[in-house]
Amino acid sequence: MPSEAVIQIKGLYKSFGANEVLKNFNLDLLRGESLVVLGKSGSGKSVLIKCIIGLIKPDRGDITVLGQDLLSLDHEELDQIRQKVGFLFQSNALYDSMTVRDNLEFPLRRHTINLSQPEVDDMVMDALNNVGLGHTVDMMPAELSGGMRKRIALARTLILRPEIILYDEPTTGLDPITSLEIINLMNVIQEKYQTSSIIITHDMKCVKIASDRVAMLIDGTCYALGTYDELNASTDGKVRAFFD
Ligand SMILES: Nc1ncnc2c1ncn2[C@@H]1O[C@H](COP(=O)(O)OP(=O)(O)OP(=O)(O)O)[C@@H](O)[C@H]1O
Ligand SMILES: [Mg+2]
């Protein structure tokens with residue numbers, strides 16, 4: 001039985017002035033899969049992912065998320081979708097002036113009402129333990145390493161138990177060993193919570209280990225789509241450029 005698409009992107013266009021970033025981009029994310037979007041710097045990967053969570057409005061095209069037409073949603077409906085679609089920012093976007101605990105409580109307070117303090121405490125510790133950082137709950141982000149901050153950001157994304165997680169460059173700026181730990185953690189989370197994910201990266205090691213399928217964003221379109229091995233066997237110069 002073919003898998004159901006949890007995100008469908010059809011005919012997406014987005015320009016900034018004369019800069020045509022997305023030009024008829026099409027892609028489906030299937031339930032339970034890890035889909036890597038690969039593209040060189042400035043190709044529009046972050047623009048694409050921001051369109052998917054409604055942070056950037058495309059000029060044209062359709063985006064369906066969990067059966068809902070994203071572009072026709074009002075503020076409240078968009079907010080509800082965002083609870084189901086976790087987003088890990090390229091920059092982590094942790095609040096530097098807040099403790100780890102307060103950073104993790106933030107999405108809970110924003111999105112869920114009627115939680116008692118013991119329930120909140122449990123959810124925070126559960127999310128932190130999932131990324132192996134329970135002991136940092138009272139620390140400040142500045143006291144943590146880059147890899148730890150990435151894990152905390154991931155814990156904050158997980159706390160709302162999203163069905164879909166979008167990762168924007170989860171390993172950029174991390175050393176190879178820490179990168180590997182983050183990728184493994186992403187795989188564990190995918191298994192444990194049966195999430196579906198889009199992973200944006202140009203880290204080929206990440207692609208190889210984390211992807212069920214790979215989409216290549218080239219010249220504003222989904223230029224090539226397939227498994228790592230399928231794309232690695234391609235003789236197309238633009239595809240080869242990522243492997244050679
Ligand atoms: N808000 C914006 N206003 C104007 N131009 C933008 C805006 N956001 C992105 N762009 C432009 O869109 C293009 C794609 O940017 P984007 O950030 O999506 O690239 P990227 O593929 O994520 O690159 P990187 O790998 O470096 O993160 C760039 O040319 C960028 O200058
Ligand atoms: Mg980017």
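Here the structure is a predicted model, which is why all the values come from computation and not from measurement. Start at 1 and go down the list; that is how both ligands and their atoms are numbered.
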Counting heavy atoms under 4.0 Å, the part of Asn19 that contacts ligand 1 is side chain
With the Mg ion (ligand 2) as the apex, the OG/OE1 angle for Ser46 and Gln90 - to 10°: 80°
Is it the case that the side chain of Glu119 and the backbone of Ser116 share a donor-acceptor pair, with hydrogens and angles ignored and the cut-off at 3.5 Å? yes
Relative to the heavy atoms of Val21, which atoms of ligand 1 are at a distance of less than 4.0 Å? 12 (O), 13 (C), 14 (C)
For atom 16 (P) of ligand 1, tell me which residue out of Ser41, Ser15, Gly44 has the closest non-hydrogen atom. Gly44
May I ask you to list the atoms of ligand 1 that are less than 4.0 angstrom from any heavy atom of Gln90? 27 (O)
Return yes or no for this condition: an N or O of Phe16 is under 3.5 Å from an N or O of ligand 1. no
So, regarding Gly42 and ligand 1 (criterion: nitrogen or oxygen to nitrogen or oxygen, under 3.5 Å), is there a contact or not? yes
Please confirm whether Lys23 makes a cation-pi placement over Phe25, using NZ or CZ under 6.0 Å from the six-membered ring centre and within 45° of the ring normal. no
Do the side chains of Thr136 and Ile152 get nearer than 4.5 Å, heavy atoms only? yes
For a side-chain contact (heavy atoms from CB on, under 4.5 Å) with Leu217, tell me which candidate from Leu27, Val37, Val21 qualifies. Val37
Are Tyr167 and Thr201 packed together at the side-chain level, in the sense that at least one heavy-atom pair is separated by less than 4.5 angstrom? no
Under 4.0 Å, heavy atoms only, figure out whether ligand 1 is touched by the backbone of Lys40, its side chain, both or neither. backbone
heavy-atom search around atom 25 (O) of ligand 1 in the protein gives Lys45 NZ, 2.8 Å
Looking at Glu191, I'd like to know if its CD atom is crowded, meaning that more than 12 non-hydrogen atoms belonging to other residues, nucleotides or ligands lie closer than 6.0 Å. no
Name the option, out of Leu48, Leu55, Val47, Thr201, that contains the heavy atom nearest to atom 15 (O) of ligand 1. Val47
Atom 17 (O) of ligand 1 sits nearest the protein heavy atom Ser46 CB, 3.6 Å
Pair Arg213 + Glu230: basic N to acidic O under 4.0 Å: no
What about Tyr228 and Phe243, are their ring centers closer than 6.0 Å? yes
